[in-house]
Amino acid sequence: MFHPLRESVRAAIKAAVARQFGLALPDVAVEFPPNVALGDLATPAAFEIAKRLKAATGEKRPPRDIALALAEALRADLAGFDRIEVAGAGYVNLFLRRAEALLAALEAPAATLAPRFGGKVVVEHTSVNPNKSAHIGHLRNAALGDALARILRAAGETVEVHNYIDDTGAQVADVVVGFVHIEGKSLTDIEAMTGKFDDYCWDLYARVGAWYAEDESRLRLRADALRAIERREGELAALAEHIAERIARCHLATMERLGIQYDALPCESAILRLNFWADAFERLKAAGAIVYETEGRRAGCWVMRAEPEAQEAAAPADAEHDADKILVRSNGTVNYTGKDIAYHLWKLGLLDRDFHYRAFYRYPDGHIAWLGGATAAESAAPPARFGRGAAYLNVIDAGQSYAQAFVKRGALAVAPPDAQGGIAASAHIAYEKVALTPASCLELGFALSEEDRRRPFVSMSGRKGLGVKADDLLDRLESKALAHVQAHQPALPEPERRDIAHKVAVAAIRYFLLKFARTTLIAFDFADAMAEQGETGVYLLYSLVRLASIRRKLRESGLDCPAPAVALRERLPQLETWLRDDGQAANEFWALAVTALRYDTALAEARETLEPSVVAKYAFQLAQAFSAFYNRHNIRHEPNEVRRAFLMTLASLVESRLRAALSVLGIEAPERM
RNA sequence: GCGCUCAUAGCUCAGUUGGAUAGAGCAACUGCCUUCUAAGCAGUAGGUCGUAGGUUCGAGUCCUACUGGGCGCACCA
């Protein structure tokens, strides 16, 4: 509710300032005062006006004077406010008519936001190399991407979720080498293997790394494998295809445990086979986005120039590094960034080519993830046409920022004018990695050097087999939660207890990964990640479980309040007393309502900044406010029927917004726990 | 060498386009379970916001320099 309210206040202030002072303010700050006693909305605009007035006319007018005039104008222009006051040196504080606002909000949806992107948004996330188990770092990527997709959808956007499968890269080739040269296994042997295939490859991949280190000439085997895979020749290519596809399935299963689904799975092999690059190459050349180098050390390469400022900064002092990016090598082959640009042109519908699809992974709810790696012969038609987005958002770790910048430049260079806006709004959603605390490494059974032991964190390394596997962590969380549920809910049947434990585990891990801002490096610690007290996903669930419990107990006592809003509307004067005139207690009730009603501002900010932690922090704040309320006021034992309806209304409002916030974070609450 | 990013309580982190007394969790200490789930609540203690300047009515937030972390700058993917 506060989002549109804030916007209308902002507009009213601009209009009043233009009228009264003849100033056009480009931006007006409308903020939330530190507590409800100071108002529900506030603006320091008078300070800004004083400054501009002085600059424009030389007139020196005290901010407080300006604020008084502004408040006067707003009183005439804005409806729904009890009073509009001037405080301090020039703040204008706006106080809502509380009872009226609350009743109106009860009937409104939790959030109504206007779409920000001009059409479908393609969100790419997860994109784990299909050669080993997903680890906690991949989970951060997926949790971020999934939350982002949910935030955009809740904000009214159309979203398509892609998970890129790099099925032809060096990492898959390494596992192929391991199977063939270390283990002497054939495709038939591998197909017959049972057990957790991704975990098996996790170990094998680490062994291959060590095996290369023993004798570096063995790296030639990787190059051979890579070539065979790219040309789709022989047993090695067949092995790679089997491994990549099988592990991609493992990853989808891991993510499904967290409630994360995908729409499309574009494959690198298809981008090569269908030669997306040939098309992209022509368009980049035609647009003048790339140039052919005829001399110097990059002679024979096709290069994309960096921004002039970046070039200038890098070039003179440093011969070794320059800011430009090679896309086509002197031998005529395209590199990773070039392929990535081609792929993104496809995402934006700027390429006359498309993948062939086949249904790859079916979720219990009937949704299907389509693999963009089919041959023309086996091609089937997905329900909707993938790609052709108005904008893209790529969840990739911050280390890729440099390459991602060139991807965007390439797309901007090629796109027609009407597509520029969407691409400008497109972004690399950069996040810092998850590293391990030394304590976590030791807990995983990894011996650390003295030097590493002293460091605050140690990087995960698939090549060394050092990392926390996503499934293992989930297993640990689930069994810990199950022990709790068994103690607290002994009467429940086992399947239900398992379901609860699962929901608790998902809440714990998702909240843990989302409560940090994207640019914060997470030093993973088992104790922190598995905590169930304080600022945790478990705490959030607990609030919703208590709310469900209140409802259940009221029903059992025959005290259910089916339509509290109706009951309250008939007692409006009483409601106003509780919310406004009752001093401290009224402010407490209203503060809780305000916190709940700011859900849409949290959602709007998260969508604007593409930062899910905003919603995570908001959810915790709301749960905290509710917990205090819960301890102070016993709804079931409230003798006054109307007051009980009032308390229950506040509880319902909290429940609605908390549930909405959690659903956007991908967290679902059980009925009890 | 250049670019990006970070530095806030003992620890881990928030901090609303610059705004009102700098917040939370953990750890420590004190209380609260025959009363809607104590996986909880109330309270105490703990901060010259890396350093030095600058802009501003106002700076944790913006600018400059410095110090100290992390990442990136391949004809790798």
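In this text the structure is predicted, and so the values were computed from the model without any measurement. Below, chain A is the first sequence line, B the second, and so on; all start at residue 1.
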Asks: In whole Å, I'd like the distance from the CG atom of A:Leu547 to the P atom of B:rC36.
Replies: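 My rounded result for the distance is 15 Å.
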Asks: Among all residues two or more places apart in sequence or in another chain, which pass the salt bridge (charged side-chain N to carboxylate O under 4.0 Å, His left out) test with A:Arg546?
Replies: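 Result, salt bridge (charged side-chain N to carboxylate O under 4.0 Å, His left out) vs A:Arg546: none returned.
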Asks: Would you say the rings of A:Tyr539 and A:Phe620 are close, in the sense that their centroids are separated by under 6.0 Å?
Replies: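 Ring centres of A:Tyr539 and A:Phe620 closer than 6.0 Å.
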Asks: Can a side chain N or O of A:Thr520 be found less than 4.0 Å away from OP1 or OP2 on B:rA14?
Replies: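 For B:rA14, OP1 or OP2 has a side-chain N or O of A:Thr520 closer than 4.0 Å.
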Asks: Show me the dot-bracket string of RNA chain B, counting Watson-Crick or G-U pairs under 3.5 Å, with | for pairs to another strand and [ ] for crossing ones.
Replies: (((((.(..((((.....[...)))).(((((.......))))).....(((((..]....)))))).)))))....
Asks: Which protein N or O atoms sit under 3.5 Å from an N or O of nucleotides 75-77 of chain B?
Replies:
residue : atom : partner  : partner atom : Å
B:rC75  : O3'  : A:Arg329 : NE           : 3.4
B:rC75  : O2   : A:Ser330 : N            : 3.1
B:rC75  : O2   : A:Ser330 : OG           : 3.0
B:rC75  : N3   : A:Ser330 : OG           : 2.6
B:rC75  : N4   : A:Arg297 : O            : 3.0
B:rC76  : OP2  : A:Arg329 : NE           : 2.8
B:rC76  : O3'  : A:Arg329 : NH2          : 3.4
B:rA77  : OP1  : A:Arg329 : NH2          : 2.1
B:rA77  : OP2  : A:Arg329 : NH2          : 2.6
B:rA77  : O2'  : A:Asp166 : OD2          : 3.4
B:rA77  : N1   : A:Gln400 : NE2          : 3.4

Asks: Could you give the distance separating B:rC71 and B:rC29 at their C1' atoms, to the nearest angstrom?
Replies: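 Between the two C1' atoms, the distance is 41 Å.
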Asks: For the pair made of NE2 in A:His488 and C1' in B:rA38, what is the distance, rounded to whole Å?
Replies: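 Atom NE2 in A:His488 sits about 9 Å away from atom C1' in B:rA38.
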Asks: Which ones in residues 601-621 of chain A lie close to RNA chain B, meaning a heavy atom under 4.0 Å from one of its atoms?
Replies: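 Under 4.0 Å from RNA chain B: A:Lys617, A:Phe620.
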Asks: A:Glu432 has an atom CD; how far is it from atom P of B:rG70, in whole Å?
Replies: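 Computing the A:Glu432:CD to B:rG70:P distance gives 12 Å.
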Asks: Can you name the side-chain hydrogen bond (donor to acceptor under 3.5 Å, both in side chains) partners of A:Glu293, sequence neighbours left out?
Replies: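 Scan of A:Glu293 (side-chain hydrogen bond (donor to acceptor under 3.5 Å, both in side chains), adjacent residues dropped) gives A:Arg298, A:Arg305.
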Asks: Which pairs, protein N/O on one side and nucleotides 28-34 of chain B N/O on the other, fall under 3.5 Å?
Replies:
none

Asks: Between B:rC4 and B:rC49, how many Å separate the two P atoms, rounded to a whole number?
Replies: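 To the nearest whole Å, 26 Å.
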Asks: Tell me if the centroids of the rings in A:Phe2 and A:Phe32 come within less than 6.0 Å of each other.
Replies: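 Ring-ring flag for A:Phe2/A:Phe32: true, centres closer than 6.0 Å.
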Asks: Under the ring pair (Phe, Tyr, Trp, His ring centres under 6.0 Å) test, which residues partner A:His633, sequence neighbours left out?
Replies: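 Ring pair (Phe, Tyr, Trp, His ring centres under 6.0 Å) check on A:His633 returns A:Phe589, A:Phe629.
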Asks: Tell me, please, which residues at least two apart from A:Ser127 pass side-chain hydrogen bond (donor to acceptor under 3.5 Å, both in side chains).
Replies: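 Here the qualifying residues are A:Glu124.
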Asks: Considering residues at least two apart in sequence or located in another chain, which fulfil the salt bridge (charged side-chain N to carboxylate O under 4.0 Å, His left out) criterion with A:Lys617?
Replies: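 So A:Lys617 forms a salt bridge (charged side-chain N to carboxylate O under 4.0 Å, His left out) with A:Glu535.
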Asks: Could you pull out all residues at least two apart from A:Arg672 that satisfy side-chain hydrogen bond (donor to acceptor under 3.5 Å, both in side chains)?
Replies: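 Here no residue qualifies.
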Asks: Distance criterion of 3.5 Å, no angle test: do you see the side chain of A:Arg598 paired donor-to-acceptor with the base of B:rU16?
Replies: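 Not at all, since no donor on one side and acceptor on the other fall under 3.5 Å apart.
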Asks: Sort me out a list of protein N/O and nucleotides 41-44 of chain B N/O pairs below 3.5 Å, or just none if empty.
Replies:
residue : atom : partner  : partner atom : Å
B:rC41  : OP1  : A:Tyr539 : OH           : 2.5
B:rC41  : O4'  : A:Asn631 : ND2          : 3.1

Asks: Salt bridge (charged side-chain N to carboxylate O under 4.0 Å, His left out) with A:Arg231: which residues, sequence neighbours excluded?
Replies: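 In terms of salt bridge (charged side-chain N to carboxylate O under 4.0 Å, His left out), with neighbours along the sequence ignored, A:Arg231 is linked to no residue.
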Asks: Find which nucleotide of RNA chain B each of A:Val504 and A:Pro34 is nearest to by heavy atoms, and output the residue with the more 5' nucleotide.
Replies: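 Its nearest nucleotide lies further toward 5', so the answer is A:Pro34.
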